[in-house]
Number of protein chains: 2
Amino acid sequence: MVVVPAKMGHLNKRSLLARLQRLGLASRADLAKSLGMSQPTAGKIADELLQLGVLEEVEIGRVERAAPAANRVPRLGRPGRMLRLDRTRPRFLGMQLGVSLTTLAPLPVGAESNDRWTVKFATAVTADKWVGDLQKAAAELTVQDLWGVLVSVPGIVDEPSGRVLFSPNLHWTENMDLPGLIRRVWNAPVMLVQEERALALGHRYANPEEDDFLLVDFGDGVGGAVILGGALSANPLPISGELGHTPVLGNERPCGCGAVGCLETLISTRGLLQSFATAHPRANPAWATLVRFIHERGAEPWLLAALDATAAIIAGSLNVLGLRRAIVTGSLAELPPAVFRHLADAVIRGSLWGRFGQVECAIAPRRRTAGLVAVAIDRLVVPMTEVNGHAAKPRVSMAGHFERPSPFAGHSSP
Amino acid sequence: MVVVPAKMGHLNKRSLLARLQRLGLASRADLAKSLGMSQPTAGKIADELLQLGVLEEVEIGRVERAAPAANRVPRLGRPGRMLRLDRTRPRFLGMQLGVSLTTLAPLPVGAESNDRWTVKFATAVTADKWVGDLQKAAAELTVQDLWGVLVSVPGIVDEPSGRVLFSPNLHWTENMDLPGLIRRVWNAPVMLVQEERALALGHRYANPEEDDFLLVDFGDGVGGAVILGGALSANPLPISGELGHTPVLGNERPCGCGAVGCLETLISTRGLLQSFATAHPRANPAWATLVRFIHERGAEPWLLAALDATAAIIAGSLNVLGLRRAIVTGSLAELPPAVFRHLADAVIRGSLWGRFGQVECAIAPRRRTAGLVAVAIDRLVVPMTEVNGHAAKPRVSMAGHFERPSPFAGHSSP
DNA sequence: CCATAATACTTAGGAAAACTTACGAAAGAA
DNA sequence: TTCTTTCGTAAGTTTTCCTAAGTATTATGG
């Protein structure tokens, strides 16, 4: 099974777009040089993407004003007309379908790296109620001519079919036609993205020099995603980077997945609260209390044990994946820095390459919207196709057919 | 960083070669249909590869004789001229640099899947002695016009530079210029291949339908390699699929890597022998004794414990990698089938997807030579280049420059 | 045995992508 | 102003791969 561009030239289009994402601001000549392609080719592709509204041209004046004068090196010759991903026109509706909170934000192609949600509401416990809330939220948003709705979803998600296969903390989404529900509210293509995958791409968007890492997110559960060579690693199963459901020796807690002893039962917010409540029966078993408690008294043995178990599994994952960098996001950032430090040290000690001083473990903010847009660009703007026999069909089924022609119609494969 | 074919058309050449490897025997038309390319294109590439001596044409008569007549469906129309990887002319010298044994075999491009070494000798403990033995062995082999020497090496190997970074069981190879030593004996390009990577590709060669799996090899150590989408997964570190040096809770044995408690100290042949000797102080602590003992009395607790620890780590690896298939090779095959069965059941129970009946764990023979040739085809025959800036330079440094022009000179990038 | 159908392979011609070369445009430097 | 340098685009060429058409080789059915 070979993956080839849907149309000759799409491969170059992809790489130009990726390079522009990394450079932020670049002229056609910069892109050509940086990609090793000829100026005319780079220029043609840039023009095409400008035409589509994916890129925008920035006048020199605005660049001058934006960048400090000292920062700018005066170059000889005719100055280039600078390009960047379009930041002005909202093209996508980004959505986080969280266990407790649903959030929405209109997103341009050149999204900013920090999440900024414009509408938030508590996630309902039934599909119908949730769609109703979505309808109300839609009234507060003025988005039109959407290229797509991008949804970050927890659990095990089969992205091509738009189905949630398994979601222990949000059971009603399982085998539900979420794209169909959402298309009742916005008549646009809907794309589901497994949440840790979105977070990993978001981190990559904000740190384009980091080509390979394992992202681990802590929250209602524990999830991971793997970035290899700047892209999500492609796996046969609908989820990878899964480390929440690896058993921890000596742990007897039952997990939502049906097994006993999963890491998730120790280090998820719920798991931590359970340990906290056991250690301090009289304290209020709420997350805020736990956080304040640890800030005041430091990490206690039950927390350190959970961190050690987590670190062992992360270290083993780095070994197997052949990676030297782990990025941690989520609830751990709300605890004192020493807590993360303990985890990071244990990860470095436990991993083979850490013994050679080659492993990093860093904490980072969640960048969900940037990740969603990265997925959208990857799949919508420059689709690829899969050739396994005679027929080449689109690799990404957009979870129901398009009601309206894609803005890229005519540029994708027949 | 983008990887592109060194020359337009190499991508197609690669995929045609891969397809022919999978089909075994195919006509130009079969290849064209199977790859979705036009007949003229497939024909041109096939002719080119025939010219280079990579493929051979097989007369119908010989095919008829080889395949049982009943098996062959008489087809209408002109029969195709069947092609396959050249099996007649030895092009490579395959070598296994083992901890205790060094073995050699001349290999054609279309190697058979079972290993068949023609020369074997005990691996010396110094480089000079080893090269001397190699000289003697060379006298027994009549190979000429070699395209390359392919060496399977244990430990942590930086394949591009041809250096062994770390080899706890074969210390003298560390930071030694092995390619240089070997080129004293055979004046040909030398390519080092980390041994589990070779084994994984060899398994893939014999089972072309298995596109994604984790191979775990048991022997003097424990190593793994990951096949994703039919190819070795590309990682930033010189090794991946590493699971021998993941710590096992409660294990206090010191490991050659400097750490304590690595899985390898439990399940490597040496580790098993140590456990065996502890359980049966009076028995002869040799591998053959251990094997006979277990065949007679079945698996004892010390073995079951080591298997359980191994299974947990394999299961965790499958989760993280998003894989559903584990292939086991090596010393475990010499023990009774029940031993492997115990391991396989534990792997399936422990992995997330195993709970959905999606995980397989199978035992297989080592196919080292086939794997070596697969690497050679991938790197030598149709090299790719890496474009990170302006210059595109060969991705694979052949560990010292070519003394003689490659047979593919004129077909690779400038 | 010969015509016909089916399949394999080759040749010829053309379309698409991307390259090289060439040239006008826009800035700083002399 | 004029020269130099760099940017962007236009024109022509090369490469690659496709479609169409022609030739070769087999089985089948009279």
Side-chain angles (χ1 to χ4, degrees), chain A residues 2 4-16 25-51 55 57-61 63-64 69 72-83 382 387 390 392 410-411 413-414, chain B residues 2 4-16 25-51 55 57-61 63-64 69 72-83 382 387 390 392 410-411 413-414:
Chain A
V2 189
V4 297
K7 192 181 160 183
M8 262 299 201
H10 270 192
L11 205 58
N12 270 340
K13 209 189 280 185
R14 288 180 82 88
S15 52
L16 186 136
L25 198 67
S27 71
R28 290 161 174 79
D30 292 337
L31 290 166
K33 247 186 296 185
S34 160
L35 291 165
M37 60 176 70
S38 70
Q39 281 197 351
T41 305
K44 285 239 177 68
I45 296 171
D47 288 344
E48 211 174 319
L49 291 171
L50 272 167
Q51 188 68 34
L55 306 187
E57 211 160 81
V58 190
E59 304 99 81
I60 301 289
V63 178
E64 291 282 7
R72 189 174 171 276
V73 184
R75 278 192 300 179
L76 222 57
R78 170 179 170 179
R81 285 148 60 197
M82 303 310 266
L83 304 169
V382 274
V387 180
H390 312 201
H411 293 273
S413 69
Chain B
V2 189
V4 297
K7 192 182 163 182
M8 262 298 201
H10 270 192
L11 207 57
N12 270 340
K13 208 189 280 185
R14 287 181 82 88
S15 52
L16 185 135
L25 198 66
S27 71
R28 290 162 176 77
D30 291 338
L31 289 166
K33 247 186 295 183
S34 159
L35 290 166
M37 60 176 72
S38 71
Q39 280 198 349
T41 305
K44 283 245 177 65
I45 296 170
D47 288 344
E48 210 175 320
L49 291 172
L50 272 168
Q51 187 68 33
L55 307 187
E57 212 161 82
V58 189
E59 305 100 79
I60 301 289
V63 179
E64 292 282 8
R72 189 175 172 275
V73 184
R75 279 192 301 178
L76 219 58
R78 169 180 170 179
R81 285 147 60 197
M82 304 309 265
L83 303 169
V382 274
V387 180
H390 314 200
H411 295 271
S413 68

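Bear in mind the structure is a predicted one, so any value in this text is a computation, not a measurement.
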_Sugar-phosphate only, base, or nothing, as touched by A:Ser38 at under 4.0 Å among non-hydrogen atoms_ =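 If one applies the 4.0 Å heavy-atom cut-off, A:Ser38 turns out to touch a base.
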_Taking the minimum atom-to-atom distance to the side chain of A:Arg81, which one of D:dT9, C:dT10, C:dC19 wins?_
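Of the candidates, D:dT9 comes closest.
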*Considering only D:dG8, C:dC19, C:dT11, which nucleotide approaches the side chain of A:Met37 most closely?*
C:dC19
Below 4.0 angstrom from OP1 or OP2 of [N], is there any side-chain N or O of [X]?
X	N	answer
B:Asn12	D:dC17	yes
B:Thr41	D:dT16	no
A:Arg28	D:dT9	yes

*Whole angstrom is fine here: how far is it from CD in B:Glu48 over to P in D:dT16?*
9 Å
*Roughly how many Å is it from CG in A:Asp47 to C1' in C:dA17, rounded to a whole number?*
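Spelled out: CG on A:Asp47 to C1' on C:dA17 is 16 Å.
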Please round to the nearest 0.5 Å and tell me the distance separating atom [atom1] of [X] and atom [atom2] of [Y].
X	Y	atom1	atom2	value
B:Glu48	B:Leu16	CD	CG	10.5 Å
B:Leu49	B:Leu55	CG	CG	4.5 Å
B:Lys33	B:Ser27	NZ	OG	7.5 Å

*asked:* Please enumerate all residues that pass side chain to side chain contact (heavy atoms under 4.5 Å, CB included) together with B:Ala26, with sequence neighbours excluded.
replied: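 Side chain to side chain contact (heavy atoms under 4.5 Å, CB included) list for B:Ala26, sorted by chain: B:Leu20, B:Leu23, B:Asp30, B:Leu31.
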Close N or O pairs between protein and nucleotides 4-7 of chain C (under 3.5 Å):
unit_1: C:dT7; atom_1: O2; unit_2: B:Arg78; atom_2: N; d: 3.0

*Pairwise 5' ranking along DNA chain C for A:Gln39 and B:Ser27, keeping only the more 5' one*: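 This one resolves to B:Ser27.
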_Tell me which one of B:Lys13, B:Arg28, B:Arg14 satisfies side chain to side chain contact (heavy atoms under 4.5 Å, CB included) with B:Ile45._
B:Lys13
